[in-house]
J.: 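Right, I'll just put the structure down here and ask away after.
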Amino acid sequence: MNLQELVQQYRGTTLPKLVEKQIQSLNKVLLLQAIQETYHHFPIEFRQQVDAFTHAYVKNWLAPHIVTMDLGDIFKDTIQDIKGMATQAGVSLNDEQVFDVFNLIVMKVSHFAHIDPEFRKGWGIKKGWFS
């Protein structure tokens with residue numbers, strides 16, 4: 001997996017579109033299972049730090065400008081922050097693990113979108129045909 005290729009792949013879309021796609025393809029139970037399984041991609045001693053980082057990072061995505069910002073830019077900024085957190089913790093992450101941290105953040109936002117109709121409305125996300 002090449003992170004720079006992913007930056008280009010995400011260009012031209014938005015985070016709300018990614019979240020919408022995720023909540024339309026995974027129900028709440030499957031999404032929670034995917035979150036739990038993704039933690040297994042990290043060393044046991046680093047999982048708590050990944051969880052704390054992803055939980056705190058979600059707040060960065062709650063700013064109003066995020067709704068219209070290019071997903072490629074969000075991804076690029078986020079992977080730099082993830083690499084910085086890992087370096088600071090003295091942990092070396094490969095590109096797949098960096099992507100997994102990004103994906104954990106997306107899945108946590110998606111889970112929130114699943115359970116909060118007002119959040120979906122604010123981001124313009126449709127959960128199904130009629131919502």
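Note that the structure is a prediction, hence the values are computed from the model and not measured.
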J.: Are the side chain of Gln97 and the backbone of Asn94 linked by a donor-acceptor contact shorter than 3.5 Å?
T.: yes
J.: For the residue pair Tyr10 and Phe75, does the interplanar ring angle fall in the parallel (under 30°), tilted (30 to 60°) or perpendicular (over 60°) class?
T.: perpendicular
J.: State the CD-CG distance between Gln8 and Asn2, to the nearest 0.5 angstrom.
T.: 10.0 Å
J.: Evaluate the side-chain contact (heavy atoms from CB on, under 4.5 Å) criterion for residues Val7 and Gln4: first the C-alpha distance (whole Å), next the side-chain angles of each, then the deciding distance (0.1 Å), finally the verdict.
T.: CA-CA 5 Å; Val7 168; Gln4 293 310 311; 4.2 Å; yes
J.: May I have the step-by-step check of side-chain contact (heavy atoms from CB on, under 4.5 Å) for Val106 and His111, ending in yes or no?
T.: CA-CA 9 Å; Val106 173; His111 181 261; over 6 Å; no
J.: Is it the case that atom NZ in Lys83 sees more than 12 heavy atoms from other parts of the structure closer than 6.0 Å?
T.: yes
J.: Write down the atom of Thr14, the atom of Thr68, and the distance for their closest heavy-atom approach.
T.: CG2-O, 4.1 Å
J.: Any chain of hydrophobic side-chain contacts (each under 4.5 Å) joining Val29 to Ile115?
T.: no
J.: What distance separates Leu32 CG from His114 NE2, expressed to the nearest 0.5 Å?
T.: 9.0 Å
J.: Which distance, rounded to the nearest 0.5 Å, do you find between the CD of Gln88 and the CD of Gln49?
T.: 8.0 Å
J.: Please find the pair of heavy atoms, one from Gln22 and one from Ser110, that lie closest to each other, and give the distance.
T.: OE1-OG, 2.6 Å
J.: Side-chain contact test, heavy atoms from C-beta onward, threshold under 4.5 Å: evaluate it for Ile82 versus Phe99 and give yes or no.
T.: no
J.: Of all heavy-atom pairs between Thr38 and Met107, which one has the smallest distance, and what is that distance?
T.: OG1-CE, 3.4 Å
J.: In Å, rounded to the nearest 0.5 Å, how long is the span from CG of Leu93 to OG1 of Thr87?
T.: 8.0 Å
J.: Taking the side chain from Asp70 and the backbone from Gly12, do they hold a donor-acceptor pair closer than 3.5 Å?
T.: yes
J.: With side chains defined as the heavy atoms from C-beta onward, is the minimum distance between Val109 and Phe119 less than 4.5 Å?
T.: yes
J.: Answer whether the closest heavy-atom distance between the side chains of Val101 and Tyr57 falls below 4.5 Å.
T.: no
J.: Around atom CD of Gln48, are there more than 12 heavy atoms from other residues, nucleotides or ligands closer than 6.0 Å?
T.: no
J.: Just wondering, do Gln33 and Gln36 contact through their side chains at under 4.5 Å, heavy atoms?
T.: no
J.: Would a distance-only check, ignoring hydrogens and angles, find a side-chain to backbone donor-acceptor pair under 3.5 Å from Arg120 to Lys126?
T.: no
J.: Taking the side chain as everything from C-beta on, heavy atoms only, tell me whether Ile74 gets closer than 4.5 Å to Trp61.
T.: yes
J.: Please check if atom CD1 in Ile44 has more than 12 non-hydrogen atoms from other residues, nucleotides or ligands closer than 6.0 Å.
T.: no
J.: Decide yes or no for Asp77 and Met69: does some side-chain heavy atom of the first lie under 4.5 Å from some side-chain heavy atom of the second?
T.: yes
J.: To the nearest 0.5 angstrom, please state how far the CG atom of Asp116 sits from the NZ atom of Lys121.
T.: 11.5 Å
J.: Does Asp51 pair with Lys108 as a salt bridge, N-O distance under 4.0 Å?
T.: yes
J.: Take Arg11 and Leu71, measure what side-chain contact (heavy atoms from CB on, under 4.5 Å) needs, and give me the verdict at the end.
T.: CA-CA 6 Å; Arg11 291 266 177 236; Leu71 184 56; over 6 Å; no
J.: Looking at Ile125 and Pro16, what are the two nearest heavy atoms and their distance?
T.: CG1-O, 3.7 Å
J.: Could you please spell out the steps behind the side-chain contact (heavy atoms from CB on, under 4.5 Å) verdict for Val67 and Leu15?
T.: CA-CA 7 Å; Val67 176; Leu15 182 59; over 6 Å; no
J.: Is the shortest side-chain heavy-atom distance between Phe53 and Ile105 below 4.5 Å?
T.: yes
